[in-house]
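Remember, it's 1-based here, ligands and their atoms both numbered in the order they're listed.
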Amino acid sequence: MARYEIHGHAIVSDDDCIANADGSMPDALRNEADWRRFQGELDRAVLNVLGRYGHYRFPNVAGRRRLIVSSQADGVEQRADGWWWNPGMASLGEALRKAAPEGGLIAVPGGRRVNDLFLSLGFDAFHLSRKRGVRLPGGVPVFTRAWAMGSAERLLASHGLHPTDPVVLDEAERVSVTVWMR
Ligand SMILES: NC(=O)c1ccc[n+]([C@@H]2O[C@H](COP(=O)([O-])OP(=O)(O)OC[C@H]3O[C@@H](n4cnc5c(N)ncnc54)[C@H](OP(=O)(O)O)[C@@H]3O)[C@@H](O)[C@H]2O)c1
């Protein structure tokens, strides 16, 4: 039986946001070192799982294998632009068996509702980058319940994940990443 390891990824602001109120990702939240690390992780994975908005916002220029989460998919279906999955109609196991039958590392870049879904299904790890000094009032939180819990870190801890040592990615821009492991 194929084995999978599921890793989430996000870069967040001081107020735990992944995007502006309009759903766009502001330049203020971007960081070159974090972007390079993130792209490397996506390359390492056999499959990238993202929500429909993210799929359209970030065209698949690298040609990676994608699983797009959408209520508009008919269970699990293969389309010209990737595999599509409706979690209301098919299990994660079925989606992975079809889209990545060989097993391996699954990268989940989000966004919010996809992160919520995998938080309940179970991440094996979550790579949480923070860019200090950026606030996005009214923005999209990394998880729906991040604010209710007080922070993304507290929410991850409440789901049985444990932080490893933070790694500074860019001292000048105050960006670091902490990998939370099951
Ligand atoms: N800072 C970061 O690290 C980071 C990471 C990811 C994204 N972003 C930014 O955040 C922006 C917006 O993200 P977002 O969270 O608003 O959108 P998103 O997750 O990219 O897409 C949302 C859509 O995905 C589908 N979906 C998600 N979860 C689902 C579920 N459980 N069941 C069925 N369908 C589901 C739905 O599509 P249907 O409407 O078709 O049902 C939903 O409308 C992105 O465009 C990107 O700019 C930033």
Side-chain angles (χ1 to χ4, degrees), residues 6-42 45 48-62 64 66-77 79 81-96 99 106-123 125-147 151-153 155-156 169-170 173-180:
I6 300 176
H7 286 211
H9 295 271
I11 182 166
V12 302
S13 58
D14 283 339
D15 45 0
D16 294 306
C17 287
I18 57 169
N20 273 325
D22 65 2
S24 65
M25 194 168 160
D27 286 344
L29 197 53
R30 292 179 194 274
N31 174 263
E32 188 53 39
D34 179 73
W35 181 255
R36 276 200 308 272
R37 180 185 185 281
F38 174 52
Q39 295 299 306
E41 290 293 320
L42 297 185
N48 296 176
V49 185
L50 64 176
R52 183 170 59 85
Y53 297 164
H55 172 60
Y56 288 133
R57 262 178 217 273
F58 296 98
N60 192 4
V61 286
R64 300 180 184 111
R66 278 188 175 178
L67 179 67
I68 300 116
V69 185
S70 170
S71 61
Q72 297 168 17
D74 183 16
V76 184
E77 36 167 326
R79 300 184 187 174
D81 59 349
W83 287 88
W84 285 67
W85 171 41
N86 180 350
M89 292 179 67
S91 68
L92 173 63
E94 181 183 342
L96 294 183
I106 308 296
V108 182
R112 175 179 60 85
R113 284 181 53 206
V114 174
N115 291 337
D116 289 345
L117 176 67
F118 277 88
L119 194 61
S120 64
L121 291 171
F123 281 115
F126 196 93
H127 301 230
L128 184 68
S129 295
R130 273 199 178 275
K131 189 165 179 192
R132 295 285 173 197
V134 178
R135 294 188 74 79
L136 302 173
V140 180
V142 57
F143 300 106
T144 301
R145 296 192 62 247
W147 297 333
S151 68
E153 286 84 349
L155 185 61
L156 289 167
L169 297 176
D170 185 332
E173 292 202 3
R174 299 169 66 199
V175 178
S176 61
V177 63
T178 301
V179 182
W180 288 71

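- Set against the non-hydrogen atoms of Q72, the atoms of ligand 1 under 4.0 Å away are 40 (O).
- Shortest contact from atom 20 (O) of ligand 1 to any protein heavy atom: G54 N, 2.8 Å.
- A donor-acceptor pair under 3.5 Å is absent between the side-chain atoms of D15 and the main chain of R135, judged by distance alone.
- Judged as a side-chain hydrogen bond (donor to acceptor under 3.5 Å, both in side chains), and not counting sequence neighbours, S91 has no contacts.
- Residue contact annotation: Y56 has no non-hydrogen atom under 4.0 Å from ligand 1.
- Interatomic distance, CE of M25 versus CG of L136, reported as 9.5 Å (0.5 Å rounding).
- Close approach to M25 involves these atoms of ligand 1, each under 4.0 Å from a residue heavy atom: 1 (N), 47 (O), 48 (C).
- Counting heavy atoms under 4.0 Å from ligand 1, residue A19 touches it through the side chain alone.
- Given atom 36 (C) of ligand 1, the protein heavy atom at minimum distance is R113 NH1, 3.8 Å.
- Note: W35 and F58 have tilted aromatic rings, judged against thresholds of 30 and 60 degrees for the angle between ring planes.
- Set against the non-hydrogen atoms of G23, the atoms of ligand 1 under 4.0 Å away are 10 (O), 11 (C), 12 (C), 44 (C), 45 (O), 47 (O).
- The heavy atom nearest to atom 25 (C) of ligand 1, out of those in I68, V12, V69, is found in V69.
- R66 contributes atom CZ, which lies 4.0 Å from atom CG of N60 (distance to the nearest 0.5 angstrom).
- Here the heavy atom of the protein found nearest to atom 1 (N) of ligand 1 is I11 O, 2.9 Å.
- Between atom 5 (C) of ligand 1 and the options P109, G110, G51, the minimum heavy-atom separation is to P109.
- In terms of protein heavy atoms, atom 46 (C) of ligand 1 is closest to F58 CE1, 3.7 Å.
- Residue-ligand proximity: L50 is placed with every non-hydrogen atom at 4.0 Å or more from ligand 1.
- Of all protein heavy atoms, the one lying nearest to atom 45 (O) of ligand 1 is R57 CD, 2.5 Å.
- For atom 37 (O) of ligand 1, the closest non-hydrogen atom on the protein side is R52 NE, 3.5 Å.
- When all heavy atoms of S151 and D16 are compared, the closest pair comes out as CA-OD2, 3.5 Å.
- Ranking the protein heavy atoms by distance from atom 13 (O) of ligand 1 puts G111 CA, 4.0 Å first.
- By the 4.0 Å N-to-carboxylate-O rule, D27 lies close enough to R30 to be salt-bridged with it.
- Between F126 and F123, the ring planes are perpendicular. Angles over 60° get that label, and only those under 30° would be called parallel.
- For ligand 1, the polar-atom distance check against H55 finds no nitrogen or oxygen pair separated by under 3.5 Å.
- No donor-acceptor pair under 3.5 Å is formed between the side chain of D170 and the backbone N or O of V175.
- Each of the following atoms of ligand 1 lies closer than 4.0 Å to a heavy atom of S71: 33 (C), 34 (N), 38 (P), 40 (O), 41 (O).
- A heavy-atom distance below 4.5 Å is found between the side chains of V69 and V49.
- At least one side-chain heavy atom of R64 sits under 4.5 Å from a side-chain heavy atom of Q39.
- Distances between N or O atoms of A10 and those of ligand 1 include no value under 3.5 Å.
- The closest protein non-hydrogen atom to atom 15 (O) of ligand 1 is R112 N, 2.7 Å.
- The closest non-hydrogen atom to atom 17 (O) of ligand 1, taken over F38, Y53, F118, comes from Y53.
- Counting heavy atoms only, I18 comes closest to atom 8 (N) of ligand 1 of the residues L117, I18, D116.
- From E41, atom CD reaches atom CG of N48 across 10.5 Å, with rounding to the nearest 0.5 Å.
- A distance of 7.0 Å separates CG of L96 from CH2 of W85, quoted to the nearest 0.5 Å.
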